[in-house]
Structures are given as structure tokens and as C-alpha cells.
K.L.:
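Before anything else, here's the structure in question.
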There are 2 protein chains.
Amino acid sequence: MIQQTKFGEKMKSMKKVRIKDVAEKAEVSTATVSHVINGNKYVSEKIKSKVNKVLKELNYQPNSAARSLRSTKTNTIGFIIPINSEDTAKSFFMSIAEGIEEKLTSRGYNLILSNSKEDPEQELNLIKMFNTKVDGLILAPTNENFKSINETINHNFQIVMIDRLPIGYKGDYVLVDNFQGTYDGINELIKSGFKKIGFLSSGLGITTFNDKFEVNKELSNNRIYVNPNNERFQAYKVALSDNNISFNPDYVLFGESSFQAGYDLAKQLISKEVDAIFIANNIMTMGSIKFIQEQKLKIPDDIGIIGYDNSDWTEIISPPLSAIKQPAFEIGVQAAELILNKIQNPTSDCQHIKLKTENLKRSSY
Amino acid sequence: MIQQTKFGEKMKSMKKVRIKDVAEKAEVSTATVSHVINGNKYVSEKIKSKVNKVLKELNYQPNSAARSLRSTKTNTIGFIIPINSEDTAKSFFMSIAEGIEEKLTSRGYNLILSNSKEDPEQELNLIKMFNTKVDGLILAPTNENFKSINETINHNFQIVMIDRLPIGYKGDYVLVDNFQGTYDGINELIKSGFKKIGFLSSGLGITTFNDKFEVNKELSNNRIYVNPNNERFQAYKVALSDNNISFNPDYVLFGESSFQAGYDLAKQLISKEVDAIFIANNIMTMGSIKFIQEQKLKIPDDIGIIGYDNSDWTEIISPPLSAIKQPAFEIGVQAAELILNKIQNPTSDCQHIKLKTENLKRSSY
DNA sequence: ATCACTAAGTTAATCGATTAACTTATCATT
DNA sequence: AATGATAAGTTAATCGATTAACTTAGTGAT
């Protein structure tokens, strides 16, 4: 339904006011005006207030292109999220974006948002685009190897990784401690009496797929953080092992991150008579729940469930779903903090932050 | 959990390559390079390919600040969303952002995202910030009156409103036809035999609150689109009236947009013995469902439900929830389209777009 | 041969703010 | 009184790309 109207002729095309206009009206030099605005050189109170008055009168707004060009600072941070269509990670990354935005705004920075759609190629294009546009980049990477990323960065800006880590990356990052959250969750499941615990997840990174079936306790203490899914899987194995439950590869299924995959894989897993399922991602949890409800299986009597990522819906289904909650907003805040620090002090040590998950015990196990 | 490592010393500080560097290496003038890049003046094939080769060799990336400064185009669009903390509108606006981003990227534009947090003051600040930073602004407004917005716009950029409309605004916009969706929903409810239909919503705009209890058929055809909640409420009244059901003010409750309010108001409404509820917003729907489940009321036997905004969870609760789905992604695409058109042709007629909702009939009525 | 016109490039002014280098006035010190 | 130091502002170069105005060579018509 489309309508059209005439409009817009009468824009009171007030020509933009430049620093020169302010300077003239205040009877000072442009330099002085600049000093007043940026406060980086001492200006007498008398002049300062005179300039400020004119600034308000003319409603002056500095031209950010000119400013950036001269000062080589853009006052802008880029954020690349990896979301493909139906993913519910949408809400996770949106919360992160909120956290970032909040911190940035309070420090006079802007946020440019782009979506790599989980496409490594597209990610590199975006990084290239950002080269002259931002002072820093917050990246939830989809390229698995840092090398290709590193090559397209001009090093005109700082970078902070979140949520995942490409191989070979040593810089700043903010992650969630997926290991601990999962480990605790599996433990709880076992304590509640479940023995045949299934594990459902979306794909591991290719690079870590080979150690998929290798239960390795050492790994848990000194592990290379690459892919959250992998961490969760490792934690699953270690938790089983720590409880003297043998690892059964049949109880582990990986699929794409989708509702349908969750549905299908839950079906498979249940046909293998698991008595509980740990589902390492939100949208797959939804698919699984759908299947379970269709089969009229009772949670937690027939099957115990823990989901990852506390979405709003988890507490209104019946029974309310136990879940591992990631501190999304906080990730954003911390990432923004890191990048701003790094911009201010580029040679400072890199910070590696891991945030704790929250274990929401409800009634599904 | 925080760690620190040494890193970052060895930045291969390749100094940034300027158009001048390209020109020198290709043995042409900077003007020619610019012409090749932007294709706005004819350049011979021979020179063109020579320049392109150098462009690639040096991995030249134009400095966008310089470009913007000279050409007065930023190639950037601003987007202001209104989200306060717990709102699930988060996912709605995120989908819109995706739509916008997709369209913009395909046309070489960037998206700057900010959050007004439903604070009119903050909104004006952001608009002011955007003045020199964007070529266009997509706004989900929170100020109810266009006057204040209009005053802070420098008219250096184009504007497109989405989702809501402030009073007095005549420019481009993309809305959802909330009236039709709600009207149809209420009708369906009535057809299914429900008679005492409650209506739950978050606040109307102040400016439209006064006609709250006035059932007015004319309004439905030639109405002033201001606030989605108001539209939904009007549709509710008209649908009742069209079905010869008298309007009972007791069955209508407004509250803040929160889980708790949804819970509390559903409780109130049910105590008044309504047999169905239309809930005009997502988070309140969740609260209501929670209450209904706690009371062990059967949907749809004890109470019929239609919710607004199809969130992912609506199909996995039992029974799956009927819902009015807004075409969020499409809103974004259209809004981006409008603003790009307007930028290309500023004197073109304003477009007023209303998108249809989708009525998802499931098993909750 | 002359003139008009076009085609293909180049020169240099320009966008608006920042900032290093400079000026001038004022004041304290010896 | 001479010197140096400091305070408060100003001048003008500069960031990198775009683009109006200009040059120069080549073509064709008369």
C-alpha cells in the first residue's frame, strides 16, 4: 500500500555554520574557537564564555568529516555481527550491541553496525570498508584463521574480538566462559540422576573438529579458546569423565543452527533413548522443545533439558526451562571499554576477559 | 576473569596510501585516478587499466573523511531505535536493522545505529549528533510532536520515519497496517465464539489518549497514523462495533510495556471474566501467558489468546500461540530504499508505505 | 590553411577543522 | 633596565579527495 504527497519544498535551508562563522561573530580566530570546543589549550574565561555564547546562538555543530580528516580520528567504532537470517543469536548480538552503544555514547563515540552473515568473504570486505571509517573494530569473527583477517586490516584501527576467537589471534578479547557454564550444567544434570545425557550443538569450527572425540582433561585447564561450541563440547566430555560416566559418541549430534535441525536431531537423540539433553544453542533448543512437546513427553520426568542462552521465552514454557545465560549486554560494555582504552593507549597490554555465565535452574531437570 | 599478554609491537605500520601515491605510481594526475575510481568522467581504456592495476597493487582505500568533506556526502545512514532495557521490541528492531543493513550494503552505504531508549531528549541529542555524520536518518520516533524534531534537524539530511509517526509529520514513512491486523484478529476471535474480549496494551501516545473511549467508524478509514498502540485499540473498538458487540471499558487495560505489567493486567482482566484477550505487544503477551499457565487455565478452552508480534517462542509453547506478525525485515528494506531514493532525488514526492501484517492462526483460539 | 569542436588529461582551488609555530603583552627576577 | 619566562591568542599549513576550469592534441568541415 503506497501513497504519495507533495512535501519538502519549504526546507528552511539554513546554510550550515562553519567554525569560521563562529569565529567572526565572536571576534576571535578560528583557532581559539577550536580551543574552546576541544579544551586542549588554555583560553581565558572571558573569551571562552563569549565563544560559547555564539556557539549556542548559531547552534554550531562541528563537521565531522573535516575533523576526522585533520585529526585522523573518526570517533567511530565498527561492530561486525555474524547473523544468518533465522538465527536467534540475533537477540544475543543485539544485546551486545546495546552494551557497546551505551558505553560508546557516554564517551562521544558512534557505532557502525554491519553483518557478515557468517560469510568469511563478506567479513573481509567489511573490514576493508572500515579501514578509513573507524578508530576501532569489535568483531565476532567468522573467519577461523586470524591470518586472512590480519592481512586485510590496515592497522589504522584497533581491534577487539568477542564471543569467538580465530586461530592465531593474540589481541584483546571478551569471551564467555562457555566451559564452566556447560560443565556446571552437565554436573547438575548428573546430580539430578540423569545418566544418558545427549549433547546437541551446531558445528564446531573446522579447525577443531579433529579432536572431537578425544576426551582430554588437560585441555580443560589450558585450552585454546576458539569456538564456543567446541568449548561446550569439551566441557561436556570432561564433566562426564569427572563423574565416571563413559562418553558415548552416539549421544552427540552436530547440525546447523536452525529450528529444523534442532527438531530433527532431538528426534534422533531421543530414539537412542537418552534421558536428558544438553542443547548448546538457542534456536536448536526451540526446535527440540517443539519435538518433545509434539511427542507429549514430560519434562523433566521423561527427559531432562538444559538449554544455552536464556531467551525470554524460556521461563514461560511449561515447565520453565533451565538455561545457561550469557551476559550479553556486559560483553558489549566490556568490549567497548577495551577498545576505547586501546585507542587511548595503543601500546598498552592486551586484555583477555572471560565473563561468567549464569546458571538458571528452573524446572526442566 | 582477566588476563594480560604482551602483543602488538610488530604492527607492520604500512603507512596509508593516498590517491597521490597511486597517481605517482601510475604516472597520471590525482584527478585521473579520482575519475577512474568514481567513473564520472571518461578515461581511456589504456589509462584506466593502468590505474586499476596500481589501485590493486597498493590496496588503495579512499579516505572517507576527505571524500565526505569535499563531496558533502557521507555515504552513511543513521538509524535510531527506541529500546528500553527489557523490551522484546529488541528483536523487532533488530530485524528492521538487518533489512536496512542489507539494502544499504548493496548500495555502498554504511549504517550508524543509536538508541534513544524511548527518551525524547536523548532522541534530539542523537539527531543533532547525526547532523554532520549522515546523509539520511531512519527514525522510529519517540517524540510525539514533529516540531521539536524538525527544529533540531539541520536539513542537511533526509529523513524517513518507521513504525510510528509523530504528529505533524508529512514526510516519507514506512508503517505497518496495525489497524487491519488487529481488526482481523478480533474478528477471528469473535467468529470462534468469544464474546467478552479483553484488550491489553502498553500506553497510547498522550496526544491520542483523549479519544480513547470514542468508537468511531469514520476514523478507521481516514485516520491519522500516530501510534501503533492507538491504531490497534481503534481497530479493536471498530471490530467489536462491526460485530454488534458493545464496547466495555472494563475489558481494556493499558500498562507499561513489561513482563510484569502483562502478568498483572492479565490477572485483572481474567478476574473480570473475559473469555479471550488480545494482547497488543510481545512482552506483555509473555507476562500474560505466564499468569495463565500458573493458573492452569486451558488455552483456548478457558481463554482465547492472540498476541502481537510473532516471536520465535510463540510456536513452541503449548498450545502454539496465534499471533499478528509484523514484517520487520521488510520494513527495514523499504525504509532504506526510500531514504536512498530521497537522497538521489531530494525533490521527489514523499512516499507513504504501509505494510500488511500476517495473521498466524495457530491453536490459541 | 583556418576554424570549431571534441576527447582525454591536468592544474589547482576547495571542503572545514586542527594544530605547530609564531606573535605580543605581561610579569617576575636579577 | 635587561632578560627570560609565561600567558593568551593568531597565522597559516595541513589532512586527502573532488571537481570546475583549463590545456593540448587530434579530427573534420569549409
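Residue numbers begin at 1 in each chain, while the letters A, B, ... track the order of the sequences. Since we're looking at a predicted model, the values are computed, not measured. Side chains included, hydrogens not; waters and symmetry mates left out as well; all remaining heavy atoms used.
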K.L.:
Could you pick out which residue, Arg70(B) or Thr32(B), lies toward the 5' side of DNA chain C when each is mapped onto its nearest nucleotide?
P.N.:
Thr32(B)
K.L.:
In terms of the angle between their ring planes, are His352(A) and Tyr173(A) parallel, tilted or perpendicular, with boundaries placed at 30° and 60°?
P.N.:
parallel
K.L.:
Taking the side chain as everything from C-beta on, heavy atoms only, tell me whether Glu118(B) gets closer than 4.5 Å to Ile81(B).
P.N.:
no
K.L.:
Inspect the surroundings of NZ in Lys20(A) and state if more than 12 heavy atoms from other residues, nucleotides or ligands are less than 6.0 Å away.
P.N.:
no
K.L.:
Need one value for Val33(A): base, sugar-phosphate or nothing, where a base atom within 4.0 Å counts as base even if backbone is also close, heavy atoms only.
P.N.:
nothing
K.L.:
Please check this pair: side chain of Asp21(A) against backbone of Val17(A), looking for a donor-acceptor N/O pair closer than 3.5 Å.
P.N.:
no
K.L.:
By the 4.0 Å heavy-atom rule, please label Ile37(A) as base, sugar-phosphate, or nothing.
P.N.:
nothing
K.L.:
Mind checking which nucleotides bracket the chain A contacts on DNA chain C, 5' to 3', with an atom under 4.0 Å from a heavy atom?
P.N.:
dG16(C) to dA21(C)
K.L.:
More 5' along DNA chain D: Thr30(A) or Ser44(A), using each one's nearest nucleotide?
P.N.:
Ser44(A)
K.L.:
Want to settle it: does Ser71(B) or Ile47(B) sit nearer the 5' end of DNA chain C, counting the closest nucleotide to each?
P.N.:
Ile47(B)
K.L.:
Would you mind telling me which of Thr152(B), Asn143(B), Thr142(B) makes a side-chain hydrogen bond (donor to acceptor under 3.5 Å, both in side chains) with Glu123(B)?
P.N.:
Asn143(B)
K.L.:
Which one of Lys342(A), Lys103(A), Gln351(A) satisfies the side-chain hydrogen bond (donor to acceptor under 3.5 Å, both in side chains) criterion with Glu337(A)?
P.N.:
Lys103(A)
